[in-house]
Amino acid sequence: MNINLLNKSGPCRWTLKKNGSMNVDAVFFGDVNIILQLDETTVRQVRDVASLPGVAGPVCVMPDAHSGYGFPIGGVAAFDVDHGVISAGGVGFDISCGVRTLTTGLKRQDLFSCDVKLADALFKKIPAGTGVGGAIHLDGNLMDEMLSGGAAWVVGRKMGRPEDLGRIEGNGRNEFAAPSKVSAKAKQRMINQLGSLGSGNHYLEVQYVEKIFDNEKAAGFGVEVDDVVVSIHCGSRGLGHQIAKDYLPLMVDAAPGFGINLPSKDIACAPINSQLGKDYWGAMGAGINCALANRQVLTHLVRECFAEILPQADLKLIYDVSHNTCQKEKFNINGRTKTLYIHRKGATRALGPGHKELPDEFKKIGQPVIIGGSMGTSSYILAGTDESADLSFSSCCHGAGRTMSRIKARKCFKGKKVQKELGRQGIIIRSGSINGIAEEAPSAYKDINGIIKSTEQAEISKAVARLRPLLCIKG
DNA sequence: ATGTAC
């Protein structure tokens with residue numbers, strides 16, 4: 001974008017003053033290169049979001065931002081509880097897509113003699129790929145129980161440990177979920193998908209801790225150099241997708257009746273206090289629970305797999321955090337505490353130290369913020385900062401962000417070659433889709449290290465540990 | 001992201 005339109009408001013922080021139809025400013029986070037590379041569609045989408053009714057405080061744009069459906073991916077927008085809107089496009093199609101990371105109690109050397117065996121066992125055990133069903137069949141009341149109970153329901157069915165729940169955003173359950181607001185079609189699509197990875201950039205990785213940036217916080221999160229960890233990145237599968245598909249046109253059609261002049265039809269939103277807004281809020285909550293339950297079932301499968309191959313392993317959850325949600329949170333605006341609906345689309349909640357929602361063990365150090373890299377590149381564990389509450393509604397980036405479309409990546413790279421090259425780097429890839437590997441080639445993504453650097457310089461999170469992949473299971 | 005088109 002044209003950097004001359006922006007005022008530098010701090011390190012890696014740039015303000016676009018409200019103009020035209022915008023109701024609030026927008027703040028872009030990133031170094032000069034990141035800002036210059038932002039395309040016009042993304043900037044237009046940021047303006048569109050800033051033009052919506054009841055938008056409170058600046059629209060925030062993360063260093064990994066790119067254009068999305070209506071809202072930009074990497075966008076954070078807060079809406080006033082009384083006058084604001086909730087947007088299906090502001091949450092996205094993959095409701096509550098997110099990442100969780102577990103420690104294993106193992107060191108990198110423990111895998112030297114059994115890495116291929118572990119990769120094959122995980123690939124056999126973890127359902128992955130488009131349309132691939134999961135481990136659980138949700139008939140009778142089980143679907144609605146899962147949609148109400150999230151990861152807590154899964155743990156109640158003996159697929160997980162009670163202590164897992166304190167390490168999940170919202171204690172593993174969205175309390176506002178309303179399964180009755182989810183269509184029969186959405187539920188039908190999910191009936192055999194719980195406990196499956198899906199495709200695209202979703203993955204399960206066994207990684208090791210390559211570098212520690214903050215010893216005290218790393219100790220608090222339970223990680224040291226050379227520790228083996230497991231990360232799971234996936235979402236709400238067909239259910240979340242269908243919820244978005246169901247509600248987007250309803251919101252577009254209803255907008256004129258609410259007196260909302262949509263800047264783009266893709267942005268689709270409804271007043272928070274309208275029946276449609278409330279219905280979406282309940283359906284989205286059910287979608288959140290579905291994603292939390294999905295990651296919990298997958299965790300159970302991973303634990304079973306390790307128990308077979310490396311029985312000395314003990315898989316403990318560090319944290320599970322989503323990056324496609326809308327959540328009701330309290331923030332200080334102009335000296336007053338306000339309840340806001342925070343949309344984070346491709347942005348991660350990053351609560352600073354002392355926040356009351358954090359488990360006691362994280363109160364001093366801040367929330368673990370798990371940032372998944374692309375296949376074959378680094379992932380990061382960050383910690384939330386105090387500053388982010390005022391700067392970005394306690395949010396930061398979510399990943400690397402693509403530099404080219406999937407179609408272009410398929411033309412540029414050959415899956416087999418990518419797999420071979422990663423193999424030379426000591427990374428074992430297992431996937432049912434050779435085209436999928438080409439689409440996810442590391443060169444199709446931005447440099448994650450640069451994004452983390454900007455995130456840190458902007459003070460919206462602090463780096464704690466860098467993870468390198470050893471094995472990767474992809475859809 | 002997605003029963004990669006209804």
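Letters A, B, ... mirror the listed sequences (proteins, then strands); counts begin at 1.
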B:dT2 base / A:Thr130 side chain donor-acceptor hit below 3.5 Å: no
Just checking A:Gln193: base, sugar-phosphate only, or nothing, at a heavy-atom cut-off of under 4.0 Å? sugar-phosphate
Please report, rounded to the nearest Å, how far the P atom of B:dT2 is from the CG atom of A:Asn435. 16 Å
Would you indicate what A:Gly235 reaches in the nucleic acid, counting non-hydrogen atoms under 4.0 angstrom: base, sugar-phosphate, or nothing? nothing
Output the rounded distance in Å from CZ (A:Arg237) to P (B:dT4). 12 Å
N/O (side chain, A:Lys185) to phosphate O (OP1/OP2, B:dT2) under 4.0 Å: no
For atom CG of A:Asn324 and atom C1' of B:dT2, their distance in whole Å: 13 Å
Of A:Ile473, A:Asp120, A:Asp115, which is the lone residue that meets side-chain contact (heavy atoms from CB on, under 4.5 Å) with A:Ile428? A:Asp115
From NZ of A:Lys245 over to C1' of B:dA5, roughly how many Å is that when rounded to an integer? 8 Å
Rounded to whole Å, the CZ-P distance (A:Arg406 to B:dT2) equals 9 Å
Kindly state whether the ring of A:His233 and the ring of A:His398 have centres lying under 6.0 angstrom apart. no
With A:Met190, which of A:Gln242, A:Met146, A:His241 fulfils side-chain contact (heavy atoms from CB on, under 4.5 Å)? A:Met146
Identify whether any heavy atom of A:Lys345 sits under 4.0 Å from a base atom; if not, whether one sits that close to sugar-phosphate; answer base, sugar-phosphate or nothing. nothing
Taking side chain to side chain donor-acceptor pair (under 3.5 Å) as the test, write out the residues that go with A:Gln419, two or more places apart. none
Tell me every residue that passes ring pair (Phe, Tyr, Trp, His ring centres under 6.0 Å) with A:Tyr445, counting only those two or more places apart in sequence or in another chain. none
A:Glu439 CD to B:dT4 C1', in whole Å, measures 9 Å
Strictly below 4.0 Å: does A:Ser199 bring a side-chain N or O up to OP1 or OP2 of B:dT2? yes
Tell me: CD of A:Gln242 to P of B:dA5, nearest whole Å? 15 Å
In whole angstroms, how far is the P atom of B:dT2 from the CD1 atom of A:Ile407? 17 Å
